[in-house]
Amino acid sequence: MRHPETTVTNKKPINIHSVEELTCGNTFGTFFGVPQPVFDRVWQELSSPKKNSVAYVSMEIGADPDIFHPVQDFLKEKKYTKSTDPNIQKILDSYLQGPRKIPNYSGGLGVLAGDTLKSFADTHIPVIAVSLLYREGYFSQLVDSRVGQIDQATNWSPEKTPTLFQLQDPENPGQPLEITVPFFNEYDHPTEAKAHVWMKMEVSEQLDYFVPEFLLDYSIPSSPPWVREAGLRLYNAKSAIMKANQRRMLGSGILPLTEALGLTPGTIHLNEQHGVTVTLHLILRHLEKTLGKEYRSTMRDEDIMAAAREVAKHIVYTIHTPVKAGHDRFARSLYTGISHATCHHILNLLASDPDSPHEYNFTAFAMRVNRAINSVSRLHRDVTRKQFPDVADKIKAITNGVHHLTWISEARAELFDRTEELADWRNDPGVFARMNLPDEPFFRRQLQQTWLHDNEVLIQYVNNMLSDHRTQMDSTWIDPPNYLSHLPPEDASLHPGVFTVGFARRFSTYKRADLIFDDIPALADILLKKNWRINFLFAGKAHPQDEPGKSVLKLILDNQKELYERSNGLAQLIFIPGYDMRIAKMMVSGVHTWLNSPKRPLEASGTSGMKAAMNGVPNLSVMDGWWVEGYHEGKTGWKFGYEGPLNADSLSEHPDTLLYAEDSQSFYQLLPKVLELFYSHPDEYMQIAVNNLRLNVPLFNTHRMAAEYVRKYDLELPDETENRIKNFQKLYQSESSDPPEPSEYSAS
Ligand SMILES: *Cc1c(COP(=O)(O)O)cnc(C)c1O
């Protein structure tokens with residue numbers, strides 16, 4: 001084991017000797033991030049006639065370059081900040097100083113997509129991603145203590161974001177590439193929607209591979225106004241038709257995009273069913289190919305089913321939630337207005353829903369036409385099988401992961417870099433499983449130092465925020481979202497080292513953000529008995545149309561004062577507005593435990609807890625989602641709440657079925673044990689952190705997850721890549737042979 005004075009770094013040297021070497025391009029433009037030979041090799045793989053690549057389709061992609069930035073790191077490390085070429089100097093300046101947020105995500109689904117693509121890049125899997133570009137983002141969250149959440153358009157500009165490149169039209173150099181996406185109406189007339197295309201490159205850690213993300217920008221003057229509007233904001237749900245159109249803009253844009261670029265993905269991976277209209281287009285094409293131009297008048301049901309079977313061979317589908325609101329259904333009458341008779345014929349056969357005959361169920365459609373169906377944890381697999389019994393055998397588990405290089409804090413990463421036994425941790429998260437430290441107590445102390453550092457950074461951030469809010473109070477109409485901002489400054493700050501609990505996720509009712517405040521007097525008593533101090537840090541957004549979700553957020557604000565007063569100031573409950581990836585990273589590494597209190601089994605996987613585990617931070621969680629697999633009694637963290645059999649009520653979000661009383665009591669029984677361990681047995685607490693590195697980092701990372709997904713694709717890969725994938729696969733098999741617990745299956 002090396003001691004900190006003898007700094008070594010395990011980062012591999014990169015063979016690039018000037019900034020100019022990082023410019024690359026083709027007829028679609030000039031880009032920055034990988035050397036030209038790398039660019040050519042990847043583009044060639046993506047356009048090969050062997051169709052040896054994958055299109056990963058996702059409504060959202062969260063990959064803010066302010067928390068993972070291999071190109072920027074490289075430039076800074078090598079001090080490559082100057083170029084004699086003024087054009088390159090311009091790129092360089094903006095690369096080093098430009099805005100580094102791309103607000104094209106709402107939460108877990110998008111961040112998972114981003115993490116997955118980064119791991120595809122790191123492991124050299126030929127993939128493109130397709131998504132939309134939202135000029136008003138998802139929304140920006142202001143929080144007022146009287147009103148609750150206030151949502152506003154996000155102020156950002158892709159033109160000014162240095163990691164985004166607008167593709168150029170090869171025929172008209174200097175002009176943006178414009179693709180045409182035909183939408184139909186009931187009279188069979190195509191409306192031509194137009195989109196510009198933006199590319200972000202997910203560059204591998206070694207700058208030797210990349211995954212291009214193509215974001216379709218429909219909010220341009222040549223598109224009809226209703227298309228422009230539907231494209232402005234992610235999950236714009238002002239009306240059902242807008243929602244249906246946004247889904248179409250994703251799914252129906254895929255083939256025009258890949259054709260315009262000459263790319264040849266042989267497999268389409270649908271991340272949720274949002275882009276499933278691509279399946280409809282593929283079936284139409286197949287029918288035309290087999291039956292000829294007049295197929296629309298000659299086709300029979302059998303022809304459609306045969307075409308669907310062919311198309312299915314090229315589609316891999318991942319479902320992410322058992323919650324009904326996450327499944328897409330559209331009234332048939334609505335869909336009549338936006339598609340033609342042939343589409344209806346196909347949808348009648350493939351998107352019907354016996355429970356709801358007046359709607360098309362696009363989740364069911366995605367379930368029916370595919371080569372593989374994946375769920376996102378073992379428990380979620382079992383639940384999904386019950387929800388879709390017709391395809392139960394086909395539903396398999398690939399447990400989610402997170403991109404370890406994105407989520408491990410800088411301070412921890414530096415420690416791992418200088419720990420000889422962890423050499424190669426950047427390339428292989430499996431090294432933590434084999435970690436054999438001759439001086440483990442020394443490593444533990446080092447890890448404790450990094451934790452202390454990250455906790456200080458987080459607490460400082462919160463204190464700065466509180467003091468900013470206090471000054472803003474006088475100058476704006478916003479009433480700050482924290483009770484502490486109303487107290488005299490000397491009482492109104494947090495202290496590092498105080499036990500800090502983090503909770504941050506979308507505010508959906510099933511996530512029960514307010515669960516632990518169900519009985520505030522009970523919670524306060526626990527603290528008063530032993531004079532234990534505690535910080536609760538909360539963050540997250542509620543979808544603008546989700547009124548119940550917004551009420552839960554408001555309840556968190558409403559609880560602050562009572563909790564503070566009842567506990568004599570021992571408990572401080574803080575809300576951090578504007579949750580994003582940067583805040584997430586600061587929180588998961590700076591808190592002492594990560595709280596997860598959903599109603600089991602509605603959290604299909606959850607990923608923020610994995611981000612905490614990557615930093616050694618223990619989870620305090622209901623036995624749901626990934627935690628069923630990551631919890632090791634007494635070793636990695638704690639569990640609470642209902643674990644009994646599942647029945648019809650289990651999937652309901654009705655307030656009467658949410659088990660508040662039962663699960664909060666279980667939390668109050670557990671909390672004193674956790675506080676006791678933290679304050680009185682810090683060495684044991686640190687051992688739990690080390691256990692998380694050893695037991696959970698090797699499993700819940702996207703390198704392993706990507707390796708499991710590759711087996712669902714139809715890809716020929718070079719030996720070097722194959723070997724790496726085999727190694728990652730050995731780390732964990734999500735689809736284990738463990739028989740399901742009999743207790744899980746009572747009649748529903
Ligand atoms: C990780 C992450 C999420 C998802 O967290 P869950 O635990 O899956 O709910 C949401 N938002 C942001 C910004 C994240 O980084």
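Counting convention: from 1, in listed order, for ligands and their atoms alike. Note that the structure is predicted; figures quoted are calculated from it, not measured.
- By the 3.5 Å distance cut-off applied to N or O atoms, S608 is counted among the residues near ligand 1.
- Taking the six-membered ring where the residue is Trp, H404 and W425 present perpendicular rings, their angle passing 60° and hence far from 30°.
- Of the protein's non-hydrogen atoms, K511 NZ, 3.0 Å is the one closest to atom 9 (O) of ligand 1.
- Listed by atom number, the atoms of ligand 1 under 4.0 Å from A584 heavy atoms are 15 (O).
- Residue-to-ligand polar distances place T607 within reach of ligand 1: an N/O pair is separated by less than 3.5 Å.
- In this structure, R512 is not positioned above the aromatic face of Y510 in the sense of NZ or CZ being under 6.0 Å from the six-membered ring centre and within 45° of the axis.
- Applying the 4.0 Å criterion to heavy atoms of D580 picks out, from ligand 1, the atoms 13 (C).
- Of the residues listed (D417, D122, D73), the one engaging R426 in a salt bridge (Lys or Arg N to Asp or Glu O under 4.0 Å) is D417, and it is the only one.
- Between the side chains of T509 and E653, a donor-acceptor pair is found at a separation under 3.5 Å.
- In this structure, K541 satisfies the cation-pi test against F139, with its NZ or CZ atom closer than 6.0 Å to the six-membered ring centre and inside 45 degrees of the ring normal.
- Of the N or O atoms in Y105, none lie within a sub-3.5 Å distance of an N or O in ligand 1.
- For a threshold of 3.5 Å applied to N or O pairs, the pair formed by R506 and ligand 1 contains no separation below that value.
- Of all atoms in ligand 1, numbered sequentially from 1 with element shown, those under 4.0 Å from a heavy atom of W407 are 15 (O).
- The backbone N or O of T399 lies less than 3.5 Å from a partner atom in the side chain of S734, making a donor-acceptor pair.
- Ligand 1 places these atoms under 4.0 Å from at least one heavy atom of M581: 13 (C).
- Nearest to atom 4 (C) of ligand 1 among the protein's heavy atoms is G108 CA, 3.3 Å.
- In summary, the aromatic rings of W626 and F700 are positioned with their centroids under 6.0 Å apart.
- Near R505, meaning under 4.0 Å from one of its heavy atoms, ligand 1 places the atoms 7 (O), 9 (O).
- By the 30° and 60° cut-offs, the orientation of the rings of Y235 relative to Y138 is perpendicular.
- Nearest non-hydrogen protein atom to atom 11 (N) of ligand 1 is Y579 CE2, 3.3 Å.
- Put simply, no part of W626 is less than 4.0 Å from ligand 1, judged by heavy atoms.
- Using a 30° and 60° split on the angle between ring planes, F499 and Y685 fall in the perpendicular class, above 60°.
- Less than 4.0 angstrom separates some heavy atom of K611 from each of these atoms of ligand 1: 1 (C), 2 (C), 3 (C), 14 (C), 15 (O).
- By the 30° and 60° cut-offs, the orientation of the rings of F538 relative to F517 is tilted.
- With a heavy-atom cut-off of 4.0 Å, N596 does not touch ligand 1 at all.
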